[in-house]
Amino acid sequence: MSYRHVKLPESGQKISISDNRLVVSDNPILGFIEGDGIGSDITSAAMRVWDAAVAKAYGGQRKVHWAELFLGEKAAGIYDGDYFPAETLDAIKELTVAIKGPLTTPVGGGFRSLNVSLRQELDLYACVRPVTYFSGVPSPMKRPEDVDVVIFRENTEDVYCGIEYQSGTPENEKVAKFLREEMGAEFFEDAGIGIKPISPFGSKRLVRKAIQFAIDNDRDSVTLVHKGNIMKFTEGAFRNWGYELARDEFPDQTISEDELWEKYDGEAPAGKIIIKDRIADIMFQLMQLRPAEFDVLATMNLNGDYLSDALAAEVGGMGIAPGANMADHVAVFEATHGTAPKYANLDKVNPSSLMFSGCMMFDYIGWREVSAMINQAFASTVAAGIVTYDFARQMDGATEVSTSGFADALIERL
């Protein structure tokens with residue numbers, strides 16, 4: 001495929017799919033999007049760490065061949081003002097796996113969220129956010145080491161679909177008239193209206209991915225998080241479809257929490273993953289009081305947005321929180337925080353969110369030695385008190401370093 005600005009490396013091979021699995025050579029081509037604001041600082045630092053870890057882990061026998069792709073402000077500068085060029089989507093599809101820095105999204109106006117658009121255009125239906133604790137990282141929790149969960153957040157439905165009708169517009173008046181006169185709904189005049197679609201298809205493929213992850217990674221439980229006591233036909237339906245999917249597609253690998261107590265007196269049979277559910281608001285409390293009881297969480301878009309950020313705060317904050325957006329095969333890994341424009345080009349911020357998202361990416365392509373090596377180096381660097389400003393201001397006797405200096409310290413400890 002020919003591109004206007006994207007240049008794929010002549011060396012390296014693209015990832016392919018065979019028998020529903022990724023086929024990855026020792027020299028894969030991976031896409032990267034630098035991102036806006038602090039994107040250039042953290043991307044350059046993270047890429048140095050990834051490349052060093054790959055070289056160290058495989059003795060030079062494996063190498064990533066990077067292809068730069070463009071979204072956001074950098075794209076607008078070279079695509080005549082287009083923040084979301086179609087060829088970037090085509091390149092991600094061709095390469096299968098990519099990673100990106102943070103992208104600018106205005107609040108209350110301007111262009112639509114590039115992150116949401118990317119997820120919907122590529123049908124990246126699962127936002128995956130692992131949350132785990134590294135010893136020595138500042139945390140508000142008494143026992144942060146008990147936090148070790150992976151959140152599967154549905155990406156394409158719920159209120160993030162963007163089906164909204166602005167107050168005072170003819171479209172809003174038409175929808176409001178229909179709801180009141182045809183459906184008997186009651187609500188205040190001039191209300192903005194949003195639609196919250198939740199489907200069995202969208203719900204089941206998200207829960208399927210969460211359960212398969214639990215099976216592949218020896219996790220003990222999958223918890224369906226919902227507000228089905230109030231929104232019975234959307235969030236309640238998500239819960240019901242989740243249990244149905246587990247029963248129909250994973251009968252030999254899963255057991256419901258009700259069955260656990262009715263048939264096994266609370267003792268899970270060997271090899272069985274427990275499927276349970278919790279009301280969303282209670283889940284926030286439980287993840288502070290009894291986080292060790294939960295393993296994999298599957299939820300809808302808005303609940304997952306809240307939960308992933310809140311749980312990240314328990315183990316050190318968004319600065320070290322990794323994430324990915326996945327389809328069945330195509331996956332885009334990302335820094336989970338914003339662009340922090342006031343820190344742009346200051347070589348100051350923590351690059352770990354993007355760096356750990358890269359660790360997820362290497363796990364995804366089967367290079368688990370790379371992520372293990374980076375995790376170990378991060379732990380030893382923090383243990384030595386060498387941290388960026390966000391941690392240094394919360395730690396006694398820390399040595400504050402720059403973004404690039406933190407990357408240097410990690411590379412020394414690989």
Side-chain angles (χ1 to χ4, degrees), residues 32-53 66 68 70-77 99-107 114-115 129 131-140 144 308-310 312-323 333-361 374-414:
F32 78 94
I33 297 164
E34 184 178 80
D36 300 327
I38 59 173
S40 60
D41 287 347
I42 64 174
T43 299
S44 61
M47 288 180 75
R48 287 200 296 118
V49 175
W50 299 330
D51 286 342
W66 298 102
E68 184 170 12
F70 306 97
L71 286 176
E73 293 171 351
K74 195 168 185 178
I99 190 163
K100 71 176 189 65
L103 297 172
T104 297
T105 298
V107 177
L114 298 177
N115 293 317
R129 298 278 189 90
V131 184
T132 191
Y133 180 68
F134 287 90
S135 179
V137 171
S139 167
S308 57
D309 286 13
E314 297 184 354
V315 298
M318 296 301 293
I320 63 169
F333 300 82
E334 64 177 357
T336 60
H337 51 68
T339 59
K342 72 176 182 179
Y343 294 125
N345 302 313
L346 296 182
D347 195 23
K348 183 178 179 67
V349 300
N350 193 334
S352 299
S353 173
L354 186 64
M355 184 185 70
F356 284 135
S357 297
C359 289
M360 293 179 67
M361 178 178 66
I374 293 173
N375 286 339
Q376 178 275 324
F378 177 86
S380 62
T381 303
V382 172
I386 302 171
V387 293
T388 47
Y389 85 100
D390 52 328
F391 286 175
R393 61 190 177 184
Q394 302 178 68
M395 297 168 61
D396 294 329
T399 299
E400 181 177 331
V401 293
S402 64
T403 308
S404 57
F406 189 64
D408 292 338
L410 286 167
I411 292 169
E412 289 176 7
R413 288 165 173 77
L414 288 173

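Just so it is clear, the structure is predicted and the values come from calculations on it, not from any experiment.
- Of all the heavy atoms in Tyr133 and Pro144, the pair that sits closest is CB-O, 3.3 Å.
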Under 3.5 Å, which donor-acceptor pairs do the side chains of residues 39-48 form with other protein atoms, sequence neighbours left out?
{"residue": "Ser40", "atom": "OG", "partner": "Asn345", "partner atom": "OD1", "Å": "3.3"}
{"residue": "Asp41", "atom": "OD2", "partner": "Asn345", "partner atom": "N", "Å": "3.2"}
{"residue": "Asp41", "atom": "OD2", "partner": "Leu346", "partner atom": "N", "Å": "3.3"}
{"residue": "Asp41", "atom": "OD2", "partner": "Asp347", "partner atom": "N", "Å": "3.0"}
{"residue": "Thr43", "atom": "OG1", "partner": "Glu34", "partner atom": "O", "Å": "2.9"}
{"residue": "Thr43", "atom": "OG1", "partner": "Gly39", "partner atom": "O", "Å": "2.7"}
{"residue": "Ser44", "atom": "OG", "partner": "Ser40", "partner atom": "O", "Å": "3.0"}
{"residue": "Ser44", "atom": "OG", "partner": "Asp41", "partner atom": "O", "Å": "3.1"}
{"residue": "Arg48", "atom": "NH1", "partner": "Asp408", "partner atom": "OD1", "Å": "2.9"}
{"residue": "Arg48", "atom": "NH2", "partner": "Ser404", "partner atom": "O", "Å": "3.1"}
{"residue": "Arg48", "atom": "NH2", "partner": "Asp408", "partner atom": "OD1", "Å": "3.1"}

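- Of the possible donor and acceptor atoms, none in the side chain of Ser139 sits under 3.5 Å from a partner among the backbone N and O of Gly316.
- Between the Thr336 side chain and the Gly323 main chain, no donor and acceptor come within less than 3.5 Å of each other.
- Between Cys359 and Trp50, the shortest heavy-atom distance links the atoms N-NE1, 4.4 Å.
- To the nearest 0.5 Å, the span separating CD1 on Ile33 from NZ on Lys74 amounts to 11.0 Å.
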### Task
Under the side chain to side chain contact (heavy atoms under 4.5 Å, CB included) rule, what do Val349 and His337 come out as? Steps first, then yes or no, please.
CA-CA 11 Å; Val349 300; His337 51 68; over 6 Å; no
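- Going from atom CG of Asp390 over to atom OH of Tyr343 covers 9.0 Å, rounded to the nearest 0.5 Å.
- In this view, Ser308 and Arg129 satisfy the side-chain hydrogen bond (donor to acceptor under 3.5 Å, both in side chains) rule, not counting sequence neighbours.
- Side-chain atoms of Asp36 never come within 3.5 Å of backbone atoms of Gly72 as a donor-acceptor pair (strictly under, hydrogens ignored).
- For Thr403 (side chain) and Lys348 (main-chain N/O), a donor-acceptor pair under 3.5 Å exists by modelled atom type.
- Of the possible donor and acceptor atoms, none in the side chain of Ser353 sits under 3.5 Å from a partner among the backbone N and O of Gly319.
- Taking CD1 from Ile374 and OG1 from Thr381, the interatomic distance works out to 11.0 Å, rounded to the nearest 0.5 Å.
- Between Val49 and Leu410 the shortest heavy-atom distance is CG2-CD1, 4.2 Å.
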### Pair Asn375-Phe356, side chain to side chain contact (heavy atoms under 4.5 Å, CB included): steps then yes or no
CA-CA 8 Å; Asn375 286 339; Phe356 284 135; 3.2 Å; yes
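- Ala335 and Pro102 make their closest contact through CB-CD, 4.1 Å (heavy atoms, listed as atom of the first residue, atom of the second, distance).
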### Test ring-ring contact (aromatic ring centres under 6.0 Å, His included) applied to Phe406 and Phe391, step by step
CA-CA 12 Å; Phe406 189 64; Phe391 286 175; 7.9 Å; no
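- Taking CD of Gln394 as the reference point, atom OH of Tyr389 lies at 10.5 Å (rounded to 0.5 Å).
- Note that CZ of Phe32 and CD of Glu68 are 4.0 Å apart. Values are rounded to the nearest 0.5 Å.
- Contact record, Trp66 with Met361: CH2-CE, 3.9 Å, taken as the closest heavy-atom pair.
- Between Val387 and Ala392, the closest heavy-atom pair is CG2-N, 3.5 Å.
- Between the OG atom of Ser357 and the CD1 atom of Ile320 there is a distance of 11.5 Å, given to the nearest 0.5 Å.
- Of the possible donor and acceptor atoms, none in the side chain of Thr339 sits under 3.5 Å from a partner among the backbone N and O of Thr104.
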